[in-house]
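Let me begin by presenting the structure, written as structure tokens, before commenting on it.
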Amino acid sequence: MQERYEPAAIEAEAQHYWDQQHSFEAKEDDSRAKYYCLCMFPYPSGRLHMGHVRNYTIGDALTRFMRMHGRNVLQPMGWDAFGLPAENAAIANGVPPAKWTFDNIAHMKAQFKSLGYGLDWKRELTTCRPEYYRWNQWLFLRMLEKGIAYRKTGVVNWDPVDKTVLANEQVIDGKGWRTGAIVEKREIPMYYLKITAYAEDLLDELSSMPDWPERVRVMQANWIGRSEGVRLGFPHNIGEGGVLWVFTTRADTIMGATFCAVAAEHPLAEFAAHDNPKLAAFIEDCKRGPALEAEMATQEKKGMATGLHVRHPVSGEPVPVWIGNYVLMSYGDGAVMGVPAHDERDFAFAKKYKLPIQPVIESQGRPYSLAAWEPWYSDHGRCVNSGPYDGFDYQAAVDAVARDLQAIGLGEKRTTWRLRDWGISRQRYWGCPIPIIHCRSCGAVPVPDEQLPVVLPTDLVPDGSGNPLLKDERFLNVKCPKCGADARRETDTMDTFVDSSWYFLRFACADNNQAMLDYRVQYWLPVDQYIGGIEHAILHLLYARFWTRFLREMGAVSFKEPFARLFTQGMVLNDVFFRKTDSGRVQYFNPVDVTVTADDNGKGSIAVLKADGKEVESGGVVTMSKSKNNGVDPQVLVDEFGADTARLFIMFAAPPEQTLEWSDEGVQGAFRFIKRLWKAVYDHVAQGPAAPLDRSALTEPQRALRRHSHQTLSKVTDDIGRRRTFNTAIAAVMELLNAVAKYPLTAAQDRSAVHEALEIAVLALSPIIPHVTHTLWRELGHGTALIDEPWRQIDTEALQSADVQIVVQVNGKLRAHITVAVDADDATVRAAALADANVQKFVGSSAVRKVIIVPGKLVNIVV
RNA sequence: GCCCGAAUGGCGGAACUGGUAGACGCGCCGGACUCAAAAUCCGGUCACCUAAGACGUGGUGUGGGUUCGAUUCCCUCUUCGGGCACCA
């Protein structure tokens with residue numbers, strides 16, 4: 001065995017071996033339990049980043065762990081290859097998005113291989129290839145047939161200079177990112193998918209998904225946002241007369257309604273603006289407002305009276321109608337009743353516009369003040385000043401209001417959802433074409449199945465001014481499938497979330513060019529373990545759940561939920577360094593170019609730029625990103641220390657579901673540990689083969705080492721298999737290796753116990769650092785490859801111990817440690833605890849009131 | 001603004017079901033090896049009290065509560081992070 005640890009050579013050798021043996025090519029086998037481990041596929045941005053390394057190392061470790069547990073594993077990989085960055089790169093470099101994308105894929109695939117992931121590349125898929133996206137189109141046509149896909153107008157960001165639609169990301173402070181022009185809003189026809197038809201089921205099923213993180217289920221449930229309430233009608237004589245409908249979850253406060261507020265797009269607002277230019281201007285102002293919900297919610301609450309009045313459905317009193325910039329047309333009926341006494345936003349609105357505030361709910365006897373808002377004003381309570389509803393509690397009042405108003409046609413109980421239908425039309429080139437043909441006489445005509453796929457031209461170069469498909473005559477000009485007349489192809493493409501809503505199914509049968517899915521889906525799906533960033537907790541996962549439901553209705557799959565178990569990993573952070581330039585701009589420096597020196601006692605630090613030796617400011621630790629110039633290139637790490645060190649560091653530095661802070665010293669520590677492991681095996685092997693272990697003739701130190709080895713094995717098995725805490729699994733093996741290093745070798749059996757400890761250490765770490773352990777396993781005398789080794793059985797006999805240490809507390813404070821026999825009864829333990837000298841010091845002459853005994857752990861004496 | 005998380009030594013983190021706070025690693029301090037440096041190895045390292053031990057005292061973002069016992073459960077606040085529907 002070689003004395004030096006040389007990662008480059010052993011990693012190449014191990015990877016070559018797995019390739020040759022086709023170790024990770026998955027085959028359907030009904031006789032074996034499968035394990036489908038899937039990491040969210042990457043966008044081919046150019047290079048892998050540390051977030052990818054973290055994601056894929058977690059998945060790979062689980063895949064290898066389950067493989068050693070006898071499961072028939074599948075771990076595929078693909079490319080989420082449509083999207084905006086390819087168009088941006090095209091604008092910047094004049095290269096077609098297709099070429100840029102495929103070049104990136106080639107580079108990143110090589111990076112994947114250098115990291116040693118056990119991926120089945122035979123099933124690789126790329127969403128920008130027609131073999132894949134034709135099935136987007138095919139299923140979209142099925143959705144059209146079923147009424148799940150439909151056409152309606154929607155609002156987009158319009159850059160009037162570039163004459164192009166902008167993504168929210170491309171709108172900065174209300175201006176176009178390239179032109180700086182004030183962005184307008186435009187209403188255009190678009191396709192929507194009716195995810196709301198599945199809202200109830202998407203919500204209900206969450207409660208039977210115990211293997212999804214609680215926080216993701218809560219976030220999804222809140223996103224879907226089921227609200228039980230009452231739809232109330234305020235009748236009016238405006239125009240031809242009618243009813244203003246509002247939705248409320250607080251029908252019990254109806255007698256406190258002092259105004260109604262409608263969205264700028266509401267018909268009553270438009271009616272009122274008809275002969276009122278000031279109002280029309282205000283509506284325009286609202287419509288120009290922010291597109292993002294976050295900005296919408298933080299903007300100043302503004303309103304304007306329409307001058308119109310509706311009638312209160314109970315009292316018949318006139319109620320003024322206002323336009324409010326905080327009322328969303330997309331939720332409920334686009335109108336709310338204003339109850340300033342019991343809703344914080346309505347209170348602020350009423351204060352600002354001097355609208356009356358009428359308290360109608362009693363709040364635990366505390367006085368209501370019209371001066372300032374108190375949080376408890378919105379509590380449920382008994383109705384007061386409420387005419388027929390005085391004295392009713394919340395539920396009684398809601399029920400009575402709903403019943404009374406239903407009787408006169410002005411109310412009904414109603415369930416409302418926050419979830420909106422999914423608009424999938426994008427006015428962009430680099431996406432999957434929507435398979436529609438526009439004919440002057442037949443309208444929007446679906447492309448017939450036999451004409452699929454509608455192939456996207458791959459040689460266009462967008463220049464930032466509109467979708468290049470609009471100028472591509474070859475693509476545009478078609479015959480109408482219905483009447484045969486000259487017609488024009490739809491140039492909108494699909495949201496890239498469509499591509500990622502079903503790729504996990506396609507991995508089961510990526511080679512099938514006759515059908516979207518086939519029988520193999522039945523074997524591999526659902527995904528046993530899905531792994532990805534927490535930032536996808538809502539949108540991607542919800543869309544995927546929705547698509548799976550539709551496919552189930554089509555008979556293509558037999559399950560509702562595509563991901564049995566979900567793991568959401570945390571983000572990767574790094575230091576950020578910067579200087580403010582004279583012009584007031586911030587210049588960021590990559591941490592690689594900065595030297596941080598600790599001051600004398602190691603407690604503070606100073607950062608200087610290597611280039612000029614002058615100080616830079618530290619901006620703390622933030623998510624790695626291009627904009628902050630604080631990314632670390634995994635390739636540099638792999639080249640310098642090897643893939644195993646990169647993998648070990650990223651799995652050790654933090655629990656996988658939490659954020660991870662980058663640390664160069666931590667990487668050194670991981671490298672050092674692998675070298676120590678290598679050295680420990682080297683030293684052991686150098687002394688020749690160890691004798692087989694004779695369990696019947698062990699000394700106490702040998703028994704202790706064996707106990708430690710099997711405790712470690714037990715902990716690693718549980719940490720990876722159940723808890724997914726790779727960091728504590730690694731720490732446990734480090735402890736075992738420390739014990740081996742200290743273990744004195746005197747008798748022959750000592751080397752046997754050490755041999756076992758080293759085997760367990762190597763085997764337990766192999767899912768995380770597969771290359772070095774591949775070599776070490778052979779060096780430990782095995783003729784077979786570690787990748788094919790089953791996980792080791794825990795020797796429960798080795799775990800046995802005769803006695804156990806127990807903590808003794810007096811009044812909850814630690815006062816002594818005692819050692820008792822494992823099977824000692826409570827009386828014995830109690831007596832031993834009370835007999836301890838230090839315990840006696842604290843008990844003294846006080847009467848013992850109570851003794852709490854936690855078997856095998858602790859005694860607490862209460863005096 | 002709304003929804004969801006997180007906060008523990010100089011730093012990353014551990015303590016899994018309410019039961020020994022600080023495992024493991026980094027950094028730092030001391031030592032060995034070396035002409036020297038790097039690498040490696042050994043020892044120490046929460047704060048305070050103390051000449052020095054101690055199963056002395058304090059201590060897990062803030063303030064309160066429940067409990068024999070709280071990093072863990074409940075309430076309040078603060079700060080940071082993720083998401084908010086056209087970034088993926």
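Residue numbers begin at 1 in each chain, while the letters A, B, ... track the order of the sequences.
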How would you label the contact of [X] with the nucleic acid (heavy atoms, under 4.0 Å): base, sugar-phosphate, or nothing?
| X | result |
| --- | --- |
| A:His540 | nothing |
| A:Leu419 | base |
| A:Ala653 | sugar-phosphate |
| A:Arg849 | nothing |
| A:Pro42 | nothing |
| A:Tyr43 | sugar-phosphate |
| A:Arg4 | nothing |
| A:Met494 | nothing |
| A:Ser425 | base |
| A:Thr298 | base |
| A:Glu295 | nothing |
| A:Gln427 | base |
| A:Val156 | base |

Candidates [options] - which lies nearest the side chain of [X]:
| X | options | value |
| --- | --- | --- |
| A:Leu84 | B:rA21, B:rA88, B:rC86 | B:rA88 |
| A:Lys715 | B:rC16, B:rA85, B:rG25 | B:rC16 |
| A:Phe652 | B:rG83, B:rG1, B:rC24 | B:rC24 |
| A:Asn157 | B:rC86, B:rG83, B:rG13 | B:rC86 |
| A:Val854 | B:rG19, B:rC24, B:rA88 | B:rG19 |
| A:Asn860 | B:rC86, B:rG1, B:rG19 | B:rG19 |
| A:Glu735 | B:rA85, B:rC24, B:rG25 | B:rC24 |
| A:Lys675 | B:rC16, B:rA85, B:rA39 | B:rA39 |
| A:Arg215 | B:rC87, B:rG82, B:rC4 | B:rC4 |
| A:Asp80 | B:rA85, B:rA88, B:rG27 | B:rA88 |

Short side-chain N/O contact to [N] OP1/OP2 from [X], under 4.0 Å:
| X | N | value |
| --- | --- | --- |
| A:Arg672 | B:rG25 | no |
| A:Asn222 | B:rC4 | yes |
| A:Asn727 | B:rG25 | no |
| A:Asn738 | B:rA23 | no |
| A:Thr496 | B:rC86 | no |
| A:Lys813 | B:rG19 | no |
| A:Arg426 | B:rC86 | yes |
| A:Arg676 | B:rC41 | yes |

Residue from A:Phe497, A:Tyr543, A:Phe41, A:Trp79 passing ring-ring contact (aromatic ring centres under 6.0 Å, His included) with A:Tyr503:
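For A:Tyr503, the ring-ring contact (aromatic ring centres under 6.0 Å, His included) check succeeds only for A:Phe41.
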Any ion pair linking [Y] and [X] (charged N to carboxylate O, less than 4.0 Å)?
| X | Y | answer |
| --- | --- | --- |
| A:Glu293 | A:Arg418 | yes |
| A:Lys352 | A:Glu300 | yes |
| A:Glu6 | A:Arg4 | yes |
| A:Asp718 | A:Arg722 | yes |
| A:Asp421 | A:Lys194 | no |
| A:Asp683 | A:Lys679 | yes |

Strand partner of [N], provided both Watson-Crick or wobble distances fall under 3.5 Å:
| N | value |
| --- | --- |
| B:rG53 | none |
| B:rG12 | B:rC24 |
| B:rC77 | B:rG61 |
| B:rG69 | none |

Could you give the distance separating [M] and [N] at their [atom1] atoms, to the nearest angstrom?
| N | M | atom1 | answer |
| --- | --- | --- | --- |
| B:rU78 | B:rG63 | P | 15 Å |
| B:rG22 | B:rU76 | C1' | 28 Å |
| B:rG10 | B:rU45 | P | 15 Å |
| B:rA14 | B:rG9 | P | 13 Å |
| B:rA23 | B:rC74 | C1' | 29 Å |
| B:rG18 | B:rG59 | P | 22 Å |

Want to settle it: does A:Gly83 or A:Ile538 sit nearer the 5' end of RNA chain B, counting the closest nucleotide to each?
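Here A:Ile538 is the residue nearer the 5' end.
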Let me know, please, whether A:Val155 or A:Thr659 comes out on the 5' side of the other along RNA chain B by nearest nucleotide.
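Looking at the nearest nucleotide for each, A:Thr659 comes out on the 5' side.
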Going by a 90° cut-off around 0, is B:rG61 syn or anti?
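In terms of base orientation relative to the sugar, B:rG61 is anti.
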Pull up the glycosidic torsion of B:rG9 and say syn or anti, syn being anything within 90° of 0.
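Syn conformation for B:rG9.
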With sequence neighbours excluded, residues passing ring pair (Phe, Tyr, Trp, His ring centres under 6.0 Å) with A:Tyr132:
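Residues passing ring pair (Phe, Tyr, Trp, His ring centres under 6.0 Å) with A:Tyr132: A:Trp502.
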Looking at the rings of A:Phe504 and A:Trp547, which for Trp means the six-membered one, are their centres under 6.0 Å apart?
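Judged by ring-centre distance (under 6.0 Å), A:Phe504 and A:Trp547 do not meet the cut-off.
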For A:Glu661 and B:rG27, give me the distance from atom CD to atom C1', rounded to whole Å.
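My rounded result for the distance is 14 Å.
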